[in-house]
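Only one structure is covered here, and it is reproduced in the block below.
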Amino acid sequence: MSSHIPINQVDPTAPTPQNTPLTHAPIAAGLSRPTVPDITEDNEAEEEETSGTIQQAMLGLVHGKLSGLVGKSSGYVESLPVEVKKNIEALKGVQVKQIELQNQYKRECLELEKKVCPLYDRREAIINGAAPPTQEEVEAGEQQSVKEDPDYTPLPKDVAPASTGIPEFWLTALRTHVGFADIITERDADALKALKDIRIEYLPTTESKPGFKLRFFFAPNDFFENDVLEKTYLYQEEVGYTGDFMYDHAIGTEIKWKEDKDLTKEFEVKKQRNKNTNRTRLVRKARPTASFFNFFNPPQPPSDDAIENGDIDEDELEELEEKLEMDYQLGEDLKEKIIPRAIDYFTGKALEYEDFDDEDDFEDIDDEDDEDEEFDEDVCLYLDSDSEDETPARRRGPPKGRGAGANASTNPEECKQQ
């Protein structure tokens with residue numbers, strides 16, 4: 001054993017890692033160090049970078065091998081006796097019944113949500129001054145305000161509620177929502193001041209595709225002829241693997257814009273000169289622009305054939321997916337948040353429950369080209385990795401689906417204006 005080698009005796013054998021004890025190695029014994037120059041921090045950085053590159057390469061190889069195993073059977077199920085395989089098929093049959101019950105459960109939930117409609121009628125009447133609030137409603141609201149804020153000061157009882165309702169209620173509520181605040185322009189605000197109510201109608205459960213319709217009711221305005229703008233969201237026929245409805249596609253209303261009032265377009269007048277006659281003329285051109293009202297012209301998912309045949313570029317498909325996700329999320333937020341709790345969005349209380357991105361979750365990205373550029377400290381931009389000009393959707397992860405278009409079917413008798 002190397003631990004029994006006598007150190008003070010001359011050993012003609014050259015020391016090697018195999019015959020030299022660790023505790024009696026020349027360096028550990030206090031002998032002079034070999035004259036090797038110290039490693040500088042620059043070299044350390046290069047070594048760390050090289051090491052990191054190797055680790056990333058190894059990690060990529062591991063991920064590549066693991067991804068190749070996804071979907072491959074271990075052979076265990078195939079090796080089971082036929083009698084056991086019968087039990088496995090029986091469990092699949094039980095799960096089929098479970099999925100059918102989940103579909104029925106989700107559709108029944110939609111029916112239950114329809115019972116809220118009469119309360120929306122009352123809210124609409126108060127907002128637009130069609131009916132004054134009762135003393136009981138005011139007192140119930142003040143009790144809730146005291147519960148939320150012990151320092152709340154009750155309103156004077158000798159002052160009657162305003163007969164004009166609440167001006168710009170829905171414009172304010174929509175602007176409080178982070179997603180809609182990003183797409184409502186100053187030009188849109190003038191039109192949205194005429195927005196009187198937003199309602200939701202659930203499609204009949206007898207239809208093959210479940211879904212819901214959002215209805216925006218407008219007072220007469222200077223921008224379009226429509227009294228109601230609608231948008232219908234359709235789900236796939238069966239719930240997804242998680243038990244939730246899967247988004248299929250959306251259908252919007254065609255807006256009948258008044259002359260020169262289309263908020264989804266910008267008009268530019270250019271002067272052109274005829275090369276032969278040298279005469280000039282003015283040409284008016286329109287180009288698409290950002291607007292809230294693009295919400296009623298939703299993106300359409302590509303067909304399965306178009307994807308399989310490669311008719312759509314990968315970058316275009318990724319961009320379309322982002323637009324579909326954003327559109328779906330806005331519709332879901334209207335259905336689940338803004339319409340049910342409109343007063344909380346009007347007052348701003350809903351922001352207390354919004355799940356904003358934490359700044360601690362982000363880190364600066366060093367870019368040598370940007371070292372000399374100055375930025376405002378208070379400005380926070382959300383940039384896509386491929387583009388610095390567009391602000392992508394802040395919300396991600398809604399269910400996505402593929403399917404051919406279907407005709408929307410609605411029940412106009414539900415949740416109508418009184």
Side-chain angles (χ1 to χ4, degrees), residues 168 170-171 174-175 179-196 214 216-232 249-303 306 309-327 330 367 369-370 372-376 379 381-393 405:
E168 302 180 14
W170 286 104
L171 170 59
L174 289 174
R175 275 183 157 175
F180 283 105
D182 282 345
I183 63 176
I184 295 177
T185 67
E186 290 300 324
R187 298 169 66 213
D188 296 332
D190 291 335
L192 289 173
K193 291 177 182 179
L195 181 58
K196 299 191 302 181
L214 299 171
F216 295 70
F217 295 86
F218 285 86
N221 59 82
D222 298 331
F223 296 91
F224 45 81
E225 303 288 348
N226 311 64
D227 296 328
V228 182
L229 298 180
E230 298 178 343
K231 187 170 183 179
T232 303
H249 68 285
I251 304 171
T253 297
E254 180 182 355
I255 303 177
K256 300 176 182 178
W257 296 103
K258 295 182 180 180
E259 187 176 0
D260 297 337
K261 295 294 185 179
D262 190 342
L263 297 174
T264 64
K265 295 179 181 178
E266 283 184 343
F267 296 93
E268 183 180 10
V269 178
K270 288 189 175 182
K271 182 183 293 187
Q272 293 182 345
R273 184 181 302 275
N274 190 297
K275 295 180 180 179
N276 299 324
T277 64
N278 208 32
R279 297 180 60 183
T280 61
R281 66 175 182 176
L282 297 179
V283 178
R284 188 166 175 268
K285 293 185 177 181
R287 64 171 180 265
T289 187
S291 171
F292 163 82
F293 292 94
N294 288 322
F295 178 73
F296 298 97
N297 184 25
Q300 295 300 312
S303 64
N309 298 334
D311 297 338
I312 302 177
D313 182 77
E314 184 176 348
D315 292 337
E316 293 179 0
L317 183 60
E318 182 177 353
E319 181 181 357
L320 180 57
E321 288 285 0
E322 289 185 359
K323 291 180 179 179
L324 288 168
E325 290 177 9
M326 182 64 175
D327 181 73
L330 290 175
D367 192 338
D369 296 336
D370 296 337
D372 298 332
E373 297 184 11
E374 297 182 358
F375 297 91
D376 294 334
V379 176
L381 297 177
Y382 288 76
L383 298 179
D384 184 69
S385 58
D386 297 330
S387 173
E388 295 182 359
D389 298 328
E390 297 182 359
T391 302

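The first residue of the sequence shown is numbered 1, and numbering continues consecutively from there. Quick caveat, the model's predicted, so the values are computed rather than measured.
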remark   = CZ of Arg279 to CG of Asn274, rounded to nearest 0.5 Å, is 8.5 Å

Face-on cation placement of Lys261 at Phe224 ring, 6.0 Å and 45° thresholds = no

inquiry  = So does Asn221 get a backbone contact from the side chain of Lys258, meaning a donor-acceptor N/O pair under 3.5 Å?
reply    = yes

message = If you compare all heavy atoms of Arg175 against all heavy atoms of Ala189, which two are closest, and at what distance to 0.1 Å?
response = NH2-CB, 3.3 Å

task = Mark yes or no for whether Thr253, through its side chain, and Glu230, through its backbone, hold a donor-acceptor pair below 3.5 Å.
result = yes

ask   = Short question: side chain of Gln300, backbone of Ala250 - any donor-acceptor pair under 3.5 Å?
value = yes

side-chain contact (heavy atoms from CB on, under 4.5 Å) between Asp190 and Phe223, worked out = CA-CA 9 Å; Asp190 291 335; Phe223 296 91; 3.7 Å; yes

inquiry  = Has Asp327 got a side-chain atom pairing as donor or acceptor with Leu324's backbone, closer than 3.5 angstrom?
reply    = no

request  = Scan for ring-ring contact (aromatic ring centres under 6.0 Å, His included) pairs involving residues 258-289, sequence neighbours excluded, and state none if there are none.
outcome  = none

inquiry  = What verdict does the side-chain contact (heavy atoms from CB on, under 4.5 Å) test give for Asn226 and Phe216, after you've listed the backbone C-alpha separation in whole Å, the side-chain angles of each residue and the deciding distance to 0.1 Å?
reply    = CA-CA 10 Å; Asn226 311 64; Phe216 295 70; over 6 Å; no

ask   = Would you find a donor on one side and an acceptor on the other, under 3.5 Å apart, between the side chain of Lys271 and the backbone of Arg281?
value = no

query = Would you find a donor on one side and an acceptor on the other, under 3.5 Å apart, between the side chain of Asp222 and the backbone of Ala191?
reply = no

task = Identify whether the distance between the nearest side-chain nitrogen and carboxylate oxygen of Lys323 and Glu316 falls below 4.0 Å.
result = no

key: Worked check of salt bridge (Lys or Arg N to Asp or Glu O under 4.0 Å) between Lys285 and Glu268   = CA-CA 5 Å; Lys285 293 185 177 181; Glu268 183 180 10; over 6 Å; no

ask   = Looking only at atom types and distance, does a side-chain atom of Ser291 sit under 3.5 Å from a main-chain N or O of Phe293, one as donor and one as acceptor?
value = yes

task = State which residue, out of Thr289, Leu192, Asn294, Asp188, fulfils the side-chain contact (heavy atoms from CB on, under 4.5 Å) condition with Leu263.
result = Asp188

